[in-house]
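No experiment lies behind these values; they were computed from the predicted model shown.
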Amino acid sequence: MSLTEMSTTPTIAPDAVAVRSPEVSDGVRLWEIARDTDVLDLNSSYAYVLWCEDYADTTVVATIDNHVVGFVTGYQRPQSPDTVMVWQVAVDDSFRGLGIARTMLQGLMDKAEARGLTTMTTTISPDNEASQALFASFAESRDMTITRRDLFAPNDFPDAHQPEDLYTIAPRS
């Protein structure tokens, strides 16, 4: 069944979702998914293609029937080399609510740990309760701690932007 034949509320078997590293050819689809969220800060199409090339080790895509339906972009923090920073998490609107975002975070952390990274960070605006719940659930599923601290204030941005809080997910001491 193709993606266009799927209903607007698909039901999928958990093993139907594959998580893999992105390929350059996935960059266009990442840009489309980000654009269609109407929520994410949309980067240029070039940025998503470049991300798939330069940050493939710290980025994952979710596929169903070989079609990209979601992505998590991330990078290894230069000042904290044991940390993967999650930049964006997005799932195609037709596939939201199926646990794909958490599956991608699991896949990303598995890749990160295989490379010696033990901690995950992300920024979330205070009004984004869905992302807060996603990362809290992810941390709990891996028996890791999650902490929050203020990071960027609205006046740190040149345009109208919510503050961004830093969430750190780390192994328990």
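For the residue pair Ser141/Gln106, the side-chain donor-acceptor check at 3.5 Å is satisfied. For the residue pair Ser21 / Lys111, a side-chain donor-acceptor distance below 3.5 Å is found, with atom types taken as modelled. A donor-acceptor pair shorter than 3.5 Å cannot be found between the side chains of Thr63 and Arg20. Of the N and O atoms on the side chains of Glu164 and Thr123, at least one donor lies less than 3.5 Å from an acceptor on the other residue. With hydrogens and angles left out, the side-chain atoms of Asp156 and His161 include no donor and acceptor closer than 3.5 Å.
Residue pairs meeting the salt bridge (Lys or Arg N to Asp or Glu O under 4.0 Å) criterion with at least one partner in residues 68-92, sequence neighbours excluded, are Arg29-Asp92.
Heavy-atom contacts from other residues, nucleotides or ligands closer than 6.0 Å to CD of Glu32 number more than 12. The number of heavy atoms from other shown groups lying within 6.0 Å of CG (Asn155) is above 12.
Under a 3.5 Å cut-off, the side chain of Trp51 and the backbone N or O of Tyr46 do not form any donor-acceptor pair. Side-chain N or O atoms of Thr122 include one that pairs as donor or acceptor with a backbone N or O of Val86 at under 3.5 Å. With Thr59 contributing its side chain and Tyr55 its backbone, the two residues share a donor-acceptor pair below 3.5 Å. Under a 3.5 Å cut-off, the side chain of Thr121 and the backbone N or O of Tyr167 do not form any donor-acceptor pair. In this structure a side-chain-to-backbone donor-acceptor pair under 3.5 Å is missing from Gln88 to Phe71. Of the possible donor and acceptor atoms, none in the side chain of Glu113 sits under 3.5 Å from a partner among the backbone N and O of Thr118.
Met85 and Met120 are not part of a single hydrophobic cluster, where members link through side-chain heavy atoms under 4.5 Å apart. Taken together through direct or relayed side-chain contacts under 4.5 Å among Ile, Leu, Val, Met, Phe, Trp and Tyr, Ile146 and Phe138 form part of one hydrophobic cluster. Placement of Phe157 and Leu151 within a single hydrophobic cluster is found when ILVMFWY residues are connected by side-chain heavy-atom separations under 4.5 Å, directly or transitively.
Here Arg142 pairs with Asp110 in a salt bridge; the nearest charged N to carboxylate O distance falls below 4.0 Å.
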